[in-house]
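Remarks on the structure that follows.
Given the structure is predicted, the values throughout are model-derived calculations rather than measurements. Whatever order the structure lists them in is the order used to number ligands and atoms, beginning at 1. The first residue of the sequence shown is numbered 1, and numbering continues consecutively from there.
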Amino acid sequence: MQKIDQYMHEFLSELNYKPILTMSSKLQGGKKLRSKLLLKIAGKSDISYKICAIIELIHAASLLHDDVIDEAKLRRGAQSINAEFGAKNAIMLGDILYSKAFYELSLIDLKLAKIISNAVVMLSVGELMDVNLSTTFNTDKNAYLKMIYNKTAVLIEASAKCGAILANLNEDDFANYGKNLGLAFQIVDDLLDIKSDEQTLGKPAMNDFKEGKTTLAYIYLYEKLNIQEKEKLKNYHKKELNINEINWIKSKMEEYKIFEQINMDLNIYTNEALNAILKYKMEDLEDIVKSMIEREF
Ligand code: FPP
Ligand code: MG
């Protein structure tokens, strides 16, 4: 991971403007899931490290913009860039990170550049879907799945696919692995928002529903509730809730076994991911799936 950080730093240093380094030094490392995947598939090489650095810059840019959109004050346990330096700086740093990433990508390989840049188009469409779905109480599971595929799974799918291309492996198998891992990743992320706490997550808990996001647990819960309870849940949407209201939501989720229902979905996605790469016997990639499901933040 150090090599990747070095490349990210090198790319940004070339821009020769101190505020970029000041702000980007405040970006916390993160899990680097996309890089781990790519390196496990492609193996370690200079080009792999560079592609990883490019993907991490794009991912960081997307989170910078996402935190402005979500007006988030906390990211990875520290103040968000928009909270510390203001939205204007956060937006421009995001623009710089992804444009520099694209410039570097254009110097490397057209095929990889096409895959990654197309993924970023879809990522942006996914974020727009998320924003639009959050304006109302969404109960459409397919709309949710389409949104998380675009917003999150597409870049993970692209990372796995690029890894396969670099290693001369079947790109469709690894893309399928990445896609299903990515879907499971966002579903776990949305579950942790409900089940975990701010200290563990490094960002506020029970925040999605307040932001208007009816993630999978809310969609399933709404299907199960009676008419009065449905109204009650709808009334809690997009509001700052007190502890009793939060506990009511959580107890209803327990009562209707919502987490078990989601675990069944997660099993389907993780099995799809594992089956896609079964014949390659790459234990590290299997471990990534398991640790992603079992993670606490
Ligand atoms: C986090 O979602 C957001 C994303 C995974 C994608 C954000 C994408 C954009 C802002 C499109 C613009 C792209 C670039 C390259 C500038 P979340 O809000 O559910 O997760 P969180 O709880 O961690 O904030
Ligand atoms: Mg967000």
Side-chain angles (χ1 to χ4, degrees), residues 8 24 27-34 53-83 87 89-105 113 115-134 138 144-159 178-179 181-198 200-218 292 295-297:
M8 289 168 76
S24 62
L27 295 170
Q28 307 294 315
K31 293 183 271 288
K32 291 201 171 61
L33 169 70
R34 295 148 191 84
I54 287 165
I55 291 174
E56 294 303 334
L57 283 174
I58 292 170
H59 177 56
S62 77
L63 293 182
L64 283 167
H65 285 188
D66 180 67
D67 282 343
V68 173
I69 293 167
D70 290 343
E71 296 176 39
K73 303 277 171 271
L74 207 60
R75 168 71 64 187
R76 294 169 181 164
Q79 251 194 318
S80 62
I81 298 292
N82 46 307
N89 277 281
I91 291 170
M92 288 321 302
L93 183 64
D95 287 343
I96 290 163
L97 260 50
Y98 81 72
S99 342
K100 177 63 171 162
F102 282 141
Y103 171 71
E104 292 300 329
L105 189 55
I115 292 169
I116 296 172
S117 53
N118 187 50
V120 180
V121 174
M122 291 171 78
L123 177 87
S124 308
V125 173
E127 182 79 351
L128 186 60
M129 288 174 170
D130 198 13
V131 167
N132 289 335
L133 284 176
S134 310
N138 174 54
Y144 165 82
L145 288 175
K146 199 170 170 189
M147 179 276 287
I148 65 164
Y149 170 63
N150 280 280
K151 182 178 77 165
T152 306
V154 158
L155 191 58
I156 298 176
E157 181 181 24
S159 307
K179 173 183 174 174
L181 175 73
L183 289 169
F185 180 87
Q186 188 60 46
I187 291 173
V188 170
D189 216 65
D190 293 344
L191 259 188
L192 289 173
D193 175 86
I194 300 165
K195 291 172 100 175
S196 192
D197 53 74
E198 175 165 327
T200 317
L201 291 176
K203 59 186 180 187
M206 281 306 274
N207 198 44
D208 287 340
F209 201 53
K210 192 174 84 186
E211 285 180 351
K213 300 178 187 184
T214 50
T215 56
L216 197 51
Y218 295 94
M292 198 279 304
R295 76 197 160 101
E296 293 189 334
F297 57 90

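In the vicinity of S124, heavy-atom distances shorter than 4.0 Å reach the ligand 1 atoms 11 (C), 12 (C), 13 (C). Short contacts between ligand 1 and R75, defined as distances under 4.0 Å to a heavy atom of the residue, involve ligand atoms 21 (P), 23 (O), 24 (O). Near K151, the atoms of ligand 1 lying under 4.0 angstrom from a non-hydrogen atom of the residue are 2 (O), 4 (C), 5 (C), 6 (C), 17 (P), 19 (O). Taking every heavy atom of V120 and a limit of under 4.0 angstrom, the matching atoms of ligand 1 come to 15 (C). Atoms of ligand 1 lying under 4.0 Å from at least one heavy atom of Q186, given by number and element, are 19 (O). Set against the non-hydrogen atoms of K213, the atoms of ligand 1 under 4.0 Å away are 17 (P), 18 (O), 19 (O).
For the pair R75 and N82, the minimum side-chain heavy-atom distance is 4.5 Å or more. Within the 4.5 Å cutoff, the side chain of E127 has no heavy atoms near those of the H65 side chain.
The two residues M147 and L133 make their nearest non-hydrogen contact at CB-CD1, 3.9 Å. K32 approaches E56 most closely through the heavy-atom pair CA-OE2, 3.5 Å.
The proximity of E127 to ligand 1, defined as any non-hydrogen pair under 4.0 Å, is limited to the side chain. Neither the backbone nor the side chain of D190 comes within contact range of ligand 1; no heavy atom lies under 4.0 Å. Contact annotation: for L64 versus ligand 1, there are no heavy atoms closer than 4.0 Å.
Residue D67: no N/O/S atom is found under 2.8 Å from the Mg ion (ligand 2). Distances from the Mg ion (ligand 2) show that D70 has an N/O/S atom below 2.8 Å.
Remark: the backbone N or O of D193 is not paired with any side-chain donor or acceptor of N207 at under 3.5 angstrom. Counting only distance, with no hydrogens or angles, the side chain of S80 and the backbone of A72 share a donor-acceptor pair below 3.5 Å. Using a distance-only test at 3.5 Å, with no hydrogens or angles considered, no donor-acceptor pair links the side chain of N150 to the main chain of V125.
Partner of F185 under the side-chain contact (heavy atoms from CB on, under 4.5 Å) criterion, chosen from D189, V188, L183: D189. Partner of S134 under the side-chain contact (heavy atoms from CB on, under 4.5 Å) criterion, chosen from V131, N138, D130: D130.
An N or O contact shorter than 3.5 Å links D66 to ligand 1 by distance. The N/O atoms of D189, backbone and side chain alike, include none that comes under 3.5 Å of an N/O atom in ligand 1. On a distance-only criterion, S62 and ligand 1 share no N/O pair closer than 3.5 Å.
There is no side-chain donor-acceptor pair under 3.5 Å between D208 and Y218.
Restricting D66 to its N/O/S atoms, the shortest distance to the Mg ion (ligand 2) is reached by OD2.
In terms of protein heavy atoms, atom 22 (O) of ligand 1 is closest to K203 NZ, 3.1 Å.
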